[in-house]
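Working notes, beginning with the structure itself.
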Amino acid sequence: MSNTTRSNPAGMRIATLLDSGSFVEIGGAVTARTTDFNMQEKETPADGVITGYGVIDGNLVYVYSQDAAVLKGAVGEMHAKKIANIYDMALKMGAPVIGLIDCAGLRLQEATDALSALGNLYYKQSMASGVIPQIAAIFGNCGGGLATMAALNDFTFMETKSRLFVNSPNAILGNDVKKCDTACAKFQSHESGLVDAVGTEEEILDKIRDLVCILPANNEDNTAYEECTDDLNRICSDIENAAEDSSIVLGMLSDNHIFFETKSEYAKDMVTGFIRLNGLTVGAVANRSKVYAEDGGVQEEFDGSLSARGCRKAAEFVRFCDSFGIPVLTLTNVGGLKASKCSEKTLAKAMAALTCAFAEATVPKVNVITGQAYGSAYIAMNSKSIGADMVYAWPDAEIGMMDSDMAAKIMYADADAATQKKKAAEYRELQSSPLSAARRGYVDTIIRPAETRKYIIGAFEMLFTKREERPSKKHGTV
């Protein structure tokens with residue numbers, strides 16, 4: 001990195017992100033080539049973006065970092081071509097690309113040249129999707145067409161005061177920034193679901209380092225392991241007491257309690273993220289009905305149903321895991337489908353996407369039923385019928401069409417309360433118990449909650465050499 005760029009925020013971010021002294025700059029001498037509107041009189045060192053490669057904890061990565069000090073970081077022809085070149089190199093080497101974004105948009109002085117170069121960059125990102133991990137972090141502005149560039153990444157982070165938007169809040173009909181700041185980090189993480197985490201610059205760079213270390217380098221990398229220093233047979237005492245907040249459960253199950261949660265503020269009724277089991281990276285998808293605070297109090301509460309947002313969040317995550325050969329663990333505790341006018345608009349389509357994501361995934365898939373597993377919501381949550389390789393259930397799990405009391409009231413609508421209670425108990429025994437499901441082959445083993453870690457590690461070890469073919473096709477259409 002040149003002395004000129006080393007002291008800029010763009011250069012300092014790279015220096016903080018990568019292992020000390022590991023960064024090698026590529027294209028540092030490149031400048032804008034257009035002369036329209038007297039552009040030759042403007043200084044454009046590195047054409048406003050620092051590009052190169054380095055290592056994170058020994059893992060090769062390619063990085064670009066936009067320099068807002070050069071024409072406010074606006075993307076011109078050579079700017080975009082430099083980033084595209086980094087993608088070409090990353091694809092050849094099978095290494096992740098990390099983008100540190102701080103950009104005012106497209107460079108107006110270069111118009112169609114800038115547009116064409118940006119379009120080519122979109123193409124490179126699309127071709128890289130599912131081949132190498134793509135990670136973006138926004139530290140300033142990211143608007144208009146650059147928002148698409150950010151969204152084409154697998155994971156996106158935002159600095160607390162940064163801005164991400166297609167249209168600025170004031171350009172939206174009937175809105176202004178005081179009514180709803182659609183460009184702020186909170187909106188993009190809570191409402192749009194585009195952003196995985198929000199924090200300070202230092203926190204975000206630390207998260208990217210952690211993420212790179214837990215992900216495979218590419219879709220053919222089978223060496224993404226680390227030595228496990230945790231007890232493989234560790235008993236997870238009282239794990240059932242935390243069952244309603246699956247983020248806590250996943251932390252208890254993981255090696256050394258490591259859990260990297262994705263899209264943590266979006267659709268909190270569905271938890272997604274990465275854990276390690278015997279050193280192996282595993283993607284986790286889990287229903288959640290409560291969010292517990294650090295003091296043990298209930299911070300948020302949900303109705304235990306499957307929502308459209310939760311389905312979309314989980315479907316995207318499962319597809320990522322399947323693309324990169326990452327096994328998937330599911331913790332199922334779902335009582336039905338979300339019943340609201342808003343959810344009804346998109347729930348069927350979102351649920352179809354989730355079902356298809358699990359069904360099409362050929363990676364090892366393990367499901368643990370920790371609570372309720374009712375109706376078609378249960379089917380969509382990686383059930384045996386849509387391709388789960390191993391299904392475990394805790395002894396108090398409830399598996400079936402619906403709650404046994406409700407089923408009895410429907411089947412014996414004219415009976416008295418005592419009869420309905422008796423029939424509900426019969427229904428629970430005959431249809432809704434984990435033993436009933438196990439007798440029919442829908443559950444492989446009923447396990448003690450405290451022994452869950454041991455069983456799922458064993459299952460993934462058994463499934464390590466799994467090979468599964470699918471019908472020949474270009475891609476699904478759901």
Side-chain angles (χ1 to χ4, degrees), residues 10 13-19 22-23 49-66 82-91 93-103 121-122 124-140 142 146-159 162 164 185 188-189 192-219 221 224 260-266 272-274 281 283 313 316-317 319-321 323-326:
R13 287 168 188 145
I14 291 178
T16 303
L17 174 67
L18 302 181
D19 293 354
S22 71
F23 181 66
V49 61
I50 304 169
T51 56
Y53 65 92
V55 295
I56 292 177
D57 197 20
N59 299 290
L60 174 66
V61 295
Y62 288 83
V63 184
Y64 65 89
S65 182
Q66 294 177 314
K82 284 182 64 177
I83 300 174
N85 180 54
I86 289 299
Y87 267 92
D88 286 336
M89 298 184 72
L91 283 166
M93 297 306 299
V97 173
I98 302 170
L100 309 180
I101 298 173
D102 186 357
C103 176
L121 180 52
Y122 286 172
K124 300 289 185 184
Q125 288 186 274
S126 300
M127 293 301 101
S129 181
V131 181
I132 54 174
Q134 300 178 68
I135 303 168
I138 301 163
F139 294 106
C142 180
L146 276 296
T148 301
M149 190 173 83
L152 282 167
N153 285 270
D154 298 306
F155 303 95
T156 304
F157 302 90
M158 281 185 77
E159 191 271 330
S162 59
L164 172 61
Q188 293 296 337
S189 59
S192 77
L194 176 57
V195 172
D196 288 277
V198 176
T200 64
E201 183 172 310
E202 183 180 358
E203 289 170 342
I204 288 172
L205 295 175
D206 282 344
K207 281 185 176 293
I208 293 175
R209 287 183 62 88
D210 291 341
L211 182 58
V212 166
C213 292
I214 206 168
L215 293 178
N218 56 68
N219 63 341
D221 179 17
F260 189 99
E261 188 171 358
T262 61
K263 296 191 185 340
S264 57
E265 296 298 328
Y266 179 72
T272 58
F274 300 103
T281 295
K313 174 180 175 178
E316 288 180 8
F317 183 79
R319 289 194 181 281
F320 174 85
C321 291
S323 293
F324 288 92
I326 301 172

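Counting begins at 1 with the first residue of the sequence.
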Distance-minimising heavy-atom pair for [X] and [Y]:
X    : Y    : result
P133 : P216 : CG-O, 3.3 Å
L146 : C103 : CG-SG, 3.8 Å
N218 : G94  : ND2-O, 2.8 Å
I86  : G52  : CD1-N, 3.6 Å
I138 : C142 : CG2-CB, 3.9 Å

Interatomic distance, [X] atom [atom1] to [Y] atom [atom2] [nearest 0.5 angstrom]:
X    : Y    : atom1 : atom2 : result
S323 : I132 : OG    : CD1   : 13.0 Å
N59  : D221 : CG    : CG    : 8.5 Å
F139 : L100 : CZ    : CG    : 5.5 Å
T148 : Y122 : OG1   : OH    : 4.0 Å

Determine whether a donor-acceptor pair (N or O, by modelled atom type, separation under 3.5 Å) exists between the side chain of [X] and the backbone of [Y].
X   : Y    : value
Q66 : D102 : yes
D19 : D57  : yes
K82 : T51  : no
S65 : A10  : yes

Taking the side chain as every heavy atom from C-beta outward, state whether [X] and [Y] have any atom pair closer than 4.5 Å.
X    : Y    : answer
I83  : V49  : yes
L152 : S126 : yes
D210 : I214 : no

**OP:** List the steps and the verdict of side-chain contact (heavy atoms from CB on, under 4.5 Å) for Y62 and M93.
**Re:** CA-CA 10 Å; Y62 288 83; M93 297 306 299; 3.2 Å; yes
Please enumerate all residues that pass side chain to side chain contact (heavy atoms under 4.5 Å, CB included) together with [X], with sequence neighbours excluded.
X    : value
A147 : L164, V166
M127 : Y123
I56  : L17, L18, V61, I98, R209, V212, C213

Results of side chain to side chain donor-acceptor pair (under 3.5 Å) for [X] - residues two or more places apart only:
X    : result
N219 : none
T262 : T272
T281 : R276

Original post:
With E316, which residues qualify under salt bridge (charged side-chain N to carboxylate O under 4.0 Å, His left out), at least two apart?
Top reply: none
List the atom pairs, with distances to 0.1 Å, where a side-chain N or O of residues 192-206 and a protein N or O form a donor-acceptor pair under 3.5 Å, not counting sequence neighbours.
residue, atom, partner, partner atom, Å
S192, OG, Q188, O, 2.8
S192, OG, Q188, OE1, 2.7
S192, OG, L194, N, 3.2
D196, OD1, K263, N, 3.2
D196, OD2, T156, N, 2.9
T200, OG1, E203, N, 3.1
T200, OG1, E203, OE1, 3.4
E201, OE1, R13, NE, 3.3
E203, OE1, T200, N, 2.9

Original post:
Applying salt bridge (Lys or Arg N to Asp or Glu O under 4.0 Å), which residue pairs with at least one partner in residues 124-133 are found, sequence neighbours left out?
Top reply: D88-K124
Original post:
Checking side-chain contact (heavy atoms from CB on, under 4.5 Å) for the pair Y64/V97: CA distance, chi angles, key distance, verdict?
Top reply: CA-CA 8 Å; Y64 65 89; V97 173; 4.1 Å; yes
Subject >> Pairing residues for F324 by the ring pair (Phe, Tyr, Trp, His ring centres under 6.0 Å) criterion, not counting sequence neighbours >> reply: F320
Original post:
With sequence neighbours excluded, what pairs up with F317 under the ring pair (Phe, Tyr, Trp, His ring centres under 6.0 Å) test?
Top reply: F274
